[in-house]
Every structure is written in structure tokens, then in C-alpha cells.
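One structure is given below, encoded as C-alpha cells.
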Amino acid sequence: MRICSLLPGATEIVAALGLADQLVGISHECDYPPGLSAPVVVEPVIQTEDIASAEIDRRVRTAAAEHQSLYRLSASLLAAAHPDLIIVQDLCDVCAITPQELDGLLRRLTPGPRILKLHPRTLNDIFSDILLIGSTVEKETEARHLSDSLRQVVAAIRHRAASAKTRPRVACLEWLSPLYIAGHWVPDMVDSAGGTAVLTDSGAASRRITWDELRAALPDVILIMPCGFTRERAADEFNRIVNQPDWQELPAIQNGQFHIVDALSYFSRPGPRLVSGIAQLAALLHPTLWPRGAMHENWPSWAAGPSPVRP
């Protein structure tokens, strides 16, 4: 089967099912697993490298107000790929290209490929999407094994975290300027790791919040996880603004109870590596339950990630 995946999380799932060699088209964000050789058929219109959060937000809002797409699709590359299946998302106009943006091109492809639309909002939705992709690409057994393995890892983390004496209130900041609280599956991740996500609920969309809301929520822990940022990039941005009065007034900042994580790999993308993100959160929230280096024992390679970095 010739597969075109325009969603990084779906690309990771396809690869985990052993079909990386059947990918004939990917997006610019599909960078895992390493070594993907499929042509990049989608590129961003707005270049965000080395641009602060506030400026990225301004450019995105301007594009939305002018009804401009945030992504550029190469019609020639997609046509040359002759895909049998195209996997897209129908969740967020900012995160990836949407089915509506493909409609005109798809009508010109002969024969027309099958379109698989994913709309994950919760952690369970992501596990279900693995089964859906597996069924579509005729890898039902492998998909069931992958989904079951992920669920077992999460269940084991949840079981151990339940023995903690405290359950900290956690604010997951998906954007820093302006402030956004992370929604969708992130509250499920916090809950599985033994915390309580504030200012949001499982499956709710990420949303803009005010400083007053953040202060009133009284988070014990703040997680810095700008959507699509590596830990290094998030740290660079956070270090530029953390000395501002609004930040310094937060007790979690004053007490050193904040953590900067790799959202790009372990939190933003609805794929298998979210389980590593949950493990990292659990070790950050309950370090006495997860000694350094002990969190990934006997884990599958696709679930293991780096040990968490504490301040």
C-alpha cells in the first residue's frame, strides 16, 4: 500500500506498525522515526524558526483573519506519489493541513486515494486511532498489540502513581506569549501520571488564559510545553521571559516547581511516544517513586524516551 501521512503522530504509528517503507509522502513535521525517506509534500507558509511565541501568534492570527492557509501542499509531488491512502487530521487548523485544504487537489487525482481522517481528543481516542489505522492498512494484529502495549504501560504508571501521598495541581502551558493551557489528551496524561490538570478537562480544546486565571488556579507545578517546541527551544524562550513580574509572582516559579519538557516529541503529537511523556511527568511529579534511569525498564523501544530533566 502506498501511504501518504500528513500528520506526524500518524506517521509514527504507521512506522510502529512496520510500514515506514510504504510511506510515499509526509509533512515537513514528520521527523520520527529517524531516516524517513518519503518526499515532503506539505511545507509551512510561516517560517517559525528563531521567532518568539508572541510573533508566531501574531502571524498565525493574521493569516487566520485573512483566510490564508498556514500550509503549502505540493500538488505535483502528491500526484507523483500516487497514494492509495492519505492520512489527515480534522482537529486543528494550526497543527497540520486539514481535509478541506485537500479537496480541490483530490478531485484531480485518478484513481482517487482513500482519505482517513483522524480527530483525536483524548488519550483513549489515540489508542483507538491506532486500531483504525491498523485496520485500514491491513495490520490489525500489529495495531492491537501496539495499542494494548501502550495501555499496559499507562496502567502500570497510573497504578504506581496512585500510591503517592500527594496529587499536585498541574498547569500545562502550551504557549507562553500569550498564555495557553494545554487541552485535548494532556489532562489525561497528567491524570495518569498522578497529578490533576488545572484550568482544563480531558478532551477540551487548548485555550487562551489570563494571568489572573493562572494565579487563581494555584498550581503546585507548572509545565512549560509550547506546542511543537523541543525542550531546548522552550528553555530558550522561557529564560527570556521568566524574570518578568507576572512569572515571578507565581508560587510554583518561586518554589522551583516548574519543568520544561520536549513537547514536540512527547506531548504535542498524538502518537505512541505520548506514553514516554506520561512516564516523564510521573517521574517529575513523584520523583521518589521513579528513581532516575529506572522508568523505562522492559519498555518497547518505541515507548522509551529520555529521563526527565528536573530544575
Side-chain angles (χ1 to χ4, degrees), residues 9 12 16 32 122-124 126-127 149-174 181-200 202 217-235 238-239 242 250-311:
E12 296 188 20
Y32 190 89
T122 67
L123 196 59
N124 280 330
I126 296 166
F127 298 148
S149 297
L150 289 167
R151 289 182 184 275
Q152 290 167 10
V153 172
V154 174
I157 295 171
R158 181 183 290 274
H159 179 75
R160 185 183 295 190
S163 67
K165 296 180 180 179
T166 61
R167 190 173 183 87
R169 295 168 55 80
V170 184
C172 300
L173 299 182
E174 187 179 271
I181 199 75
H184 303 305
W185 48 84
V186 173
D188 297 331
M189 297 176 71
V190 174
D191 181 66
S192 299
T196 300
V198 301
L199 298 173
T200 188
S202 171
L218 300 175
D220 302 304
V221 177
I222 294 177
L223 295 176
I224 308 299
M225 51 171 63
C227 183
F229 279 22
T230 63
R231 184 183 184 278
E232 292 74 19
R233 184 171 182 186
F238 183 64
N239 288 336
V242 68
L250 298 171
I253 300 297
Q254 296 171 1
N255 298 331
Q257 293 302 306
F258 63 91
H259 306 284
I260 304 170
V261 297
D262 182 352
L264 176 68
S265 299
Y266 304 110
F267 298 93
S268 301
R269 298 177 175 179
R273 289 189 295 166
L274 289 182
V275 297
S276 182
I278 295 172
Q280 292 176 52
L281 289 187
L284 291 171
L285 299 180
H286 304 292
T288 59
L289 296 179
W290 277 275
R292 282 185 183 272
M295 63 165 55
H296 302 308
E297 291 178 4
N298 301 318
W299 282 31
S301 59
W302 43 259
S307 296
V309 180
R310 303 185 178 101

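Taking all atoms of both residues into account, the shortest heavy-atom contact from Ala263 to Gly228 is CB-N, 4.5 Å. When all heavy atoms are compared, the tightest approach of Ile126 to Gly271 is CG2-N, 4.1 Å. A pairwise comparison of heavy atoms in Leu289 and Ala164 identifies CD1-CB, 3.9 Å as the closest pair. Annotation for Val221 and His259: closest pair CG1-CD2, 3.7 Å, computed over non-hydrogen atoms. Considering all non-hydrogen atoms of both residues, Ala282 and Ala193 come closest at N-CB, 3.5 Å. Contact detail for Gly183 and Thr200: the closest heavy-atom pair is CA-OG1, 3.7 Å.
Contact of the Arg160 side chain with the Trp290 side chain is registered, since non-hydrogen atoms from C-beta on lie closer than 4.5 Å. Between Val154 and Phe127, some side-chain heavy-atom pair lies under the 4.5 Å cut-off. Using a 4.5 Å heavy-atom threshold, the side chains of Arg233 and Leu264 count as separate. Considering only heavy atoms from C-beta on, Val261 stays 4.5 Å or farther from Ile224 through its side chain.
In this structure, the separation between CG on Leu223 and CZ on Phe267 is 7.0 Å, given to the nearest 0.5 Å. One distance of note links CG of Asp220 with CG of Leu285; it measures 9.5 Å at 0.5 Å rounding. Distance check: Met189 CE to Ser202 OG gives 12.0 Å after rounding to the nearest 0.5 Å. Atoms OG1 and NE2, on Thr166 and His286 in that order, are 5.5 Å from each other to the nearest 0.5 Å. To the nearest 0.5 Å, atoms CD (Glu12) and CZ (Arg273) are separated by 4.0 Å. In this structure, Arg231 CZ and Ser265 OG are separated by 12.5 Å, a value rounded to the nearest 0.5 Å.
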Quiz item: Step by step, would you call Asp262 with Gln280 a side-chain contact (heavy atoms from CB on, under 4.5 Å)?
Solution: CA-CA 10 Å; Asp262 182 352; Gln280 292 176 52; 5.7 Å; no
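Results of the side chain to side chain contact (heavy atoms under 4.5 Å, CB included) test with Ser192 over Leu281, Leu123, Ile157 single out Leu123 as the only residue that passes.
Side chain to side chain, Arg169 and Thr196 fail the donor-acceptor criterion of an N or O pair below 3.5 Å.
A donor-acceptor contact shorter than 3.5 Å is absent between the side chain of Ser268 and the backbone of Cys227. With hydrogens and angles disregarded, no donor-acceptor distance shorter than 3.5 Å links the side chain of Asp191 to the backbone of Pro187. Arg167 places a side-chain N or O within donor-acceptor distance of the main-chain N or O of Gly195, the cut-off being under 3.5 Å.
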